[in-house]
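I have placed the structure first, in the form of structure tokens, so that the comments after it can refer back to it.
Throughout, numbering of the chain's residues begins at 1 and tracks the sequence. The figures that follow rest on heavy atoms only: side chains count, while hydrogens, waters and symmetry mates do not. Counting starts at 1 for both ligands and their atoms, following the listed order.
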Amino acid sequence: MQTKVMPCDEAGIRAAAGLLRCGELVGFPTETVYGLGAAALQPQAVAKIFAAKGRPADNPLIVHIASREMAEPVARFTPLAEKLAARFWPGPLTLVLPRRAVVPDIVTAGLDTVGLRWPSHPAAAAMIAAAGLPVAAPSANRSGRPSPTLARHVLEDLAGRVPLILDAGPVEIGLESTVVDATGALPVLLRPGKITMEELASFCGGCLLPDGKSSERPPAPGMKYRHYAPQGALYLAADYRAAEALRQRLLAADPAPPLMLLSDASANYFRGQGLPEDEILSLGANEAEFAARLFAALREADTRRAGRIICETTKESGLGRAIMNRLAKAAAAATEPGGGVLPSPAAEGKA
Ligand code: AMP
Ligand code: MG
């Protein structure tokens, strides 16, 4: 199959909508990451997503809609969901809700709930509206790879496996949506994202965690899988001093220099120490830039065949909670070039 890349103009949107209606796949931009869409109510179309990504069948998909009317046949809205949708949709919040019977099992991995999101990206909204049907879409990467934040990343992973990718340039947020179980009276945070736990708690009068004592819900399905992992071994460091100590330790074991993923301030410190530019990737000056650049940096580490990567971490609240969630998974899943899992790399260099 030839993969076509089109801009998000009228012709691109029309082509994407036509393919979706025919049960084909489309790679498309959202405000979070690029998605891989298929008609959510057509099981054979949805099956193509799992095949193209190599995604395990027990990892449910999020259904994307472009109006409240489109959501009605898919899920039953609880009072909490009504309130959250009114406040945060369209936007980077997925609501897990009781599903309706028309939703195929393949979308929900057989659960009695369905994840629902109304994306704010104009191209995503236009494509879904033009198709006139709900679109099931995970991130448009091969399973286990970092999520795509550029159309080029989608092409890297899925060329020859999808007929069309819509290109709208870099995404805005760079991390997948916040996922909230909205079946109860208070939201349960299943996956942190741009809409933060603090924001949800203050808006709803509380926000639970899946492993919190106040909740007996199991963690979100899919969270157990290998995720976001670069090929090289990933080490986390709390700040530039920890990064420096870690770098020295790694160099003592093997003289090949590790690739350093650093905040602008730390990057400047290491430049001052004479570290060459090709050993540094900048993650920006703040958490929003960090989030937007993280997945591209992990992919760049693979492109450079970095065997060892040191990444500076951030605080674990607000948007930092979402960044640290992805980083911890990437570090835990990172393998040595030879394939062996690293002994608890996430603990390395942490203050
Ligand atoms: P992805 O589309 O790859 O970002 O992954 C979608 C994620 O959304 C899954 O891995 C789950 O964590 C979550 N999710 C989707 N549907 C449900 C559901 N019905 N219940 C709980 N979590 C869900
Ligand atoms: Mg994904």
*For ligand 1, is there an N or O atom under 3.5 Å from any N or O atom of N59?*
yes
_Closer than 4.0 Å to some heavy atom of L190 - which atoms of ligand 1 meet that?_
21 (C), 22 (N)
*Answer with side chain, backbone, both or neither: which part of V114 has a heavy atom less than 4.0 angstrom from an atom of ligand 1?*
backbone
*asked:* Please determine whether a side-chain nitrogen of the Lys or Arg among E82 and R68 lies less than 4.0 Å from a carboxylate oxygen of the Asp or Glu.
replied: yes
*Atom NZ of K4 with >12 non-hydrogen neighbours under 6.0 angstrom*: no
*Below 4.0 angstrom, N of the basic side chain to O of the carboxylate: do R100 and E72 qualify?*
yes
*Taking everything shown except R142 itself, do over 12 heavy atoms lie less than 6.0 Å from its CZ?*
yes
*Looking only at heavy atoms of R55, does any of them come nearer than 4.0 Å to an atom of ligand 1?*
yes
*Does some non-hydrogen atom of T108 fall short of 4.0 Å from ligand 1?*
no
*Spell out, as yes or no, whether a donor-acceptor pair under 3.5 Å connects the side chain of R117 to the backbone of I65.*
no
*Flag S139 as yes if one of its N/O/S atoms falls below 2.8 Å of the Mg ion (ligand 2), otherwise no.*
yes
*For ligand 1, which atoms have a heavy atom of L111 less than 4.0 angstrom away?*
18 (C), 19 (N), 20 (N)
_Distance filter under 4.0 Å to T113 heavy atoms, resulting ligand 1 atoms_ = 18 (C), 19 (N), 20 (N)
*Nearest heavy atom to atom 14 (N) of ligand 1: which of A137, G115, P60, G35 does it belong to?*
P60
*Taking the side chain as every heavy atom from C-beta outward, state whether M324 and T313 have any pair of such atoms under 4.5 Å apart.*
yes
*K53 N/O under 3.5 Å from ligand 1 N/O*: no
*With atom 1 (P) of ligand 1 as the reference point, say which of R191, E176, R99 has the nearest heavy atom.*
R191
_Can you tell me how the ring of Y240 sits relative to the ring of Y269, calling it parallel under 30°, perpendicular over 60° and tilted otherwise?_
tilted
*Near Q248 CD, under 6.0 Å, is it more than 12 heavy atoms from other residues, nucleotides or ligands?*
yes
*Would you mind running through ligand 1 and noting each atom that sits below 4.0 Å from a heavy atom of S139?*
2 (O), 3 (O)
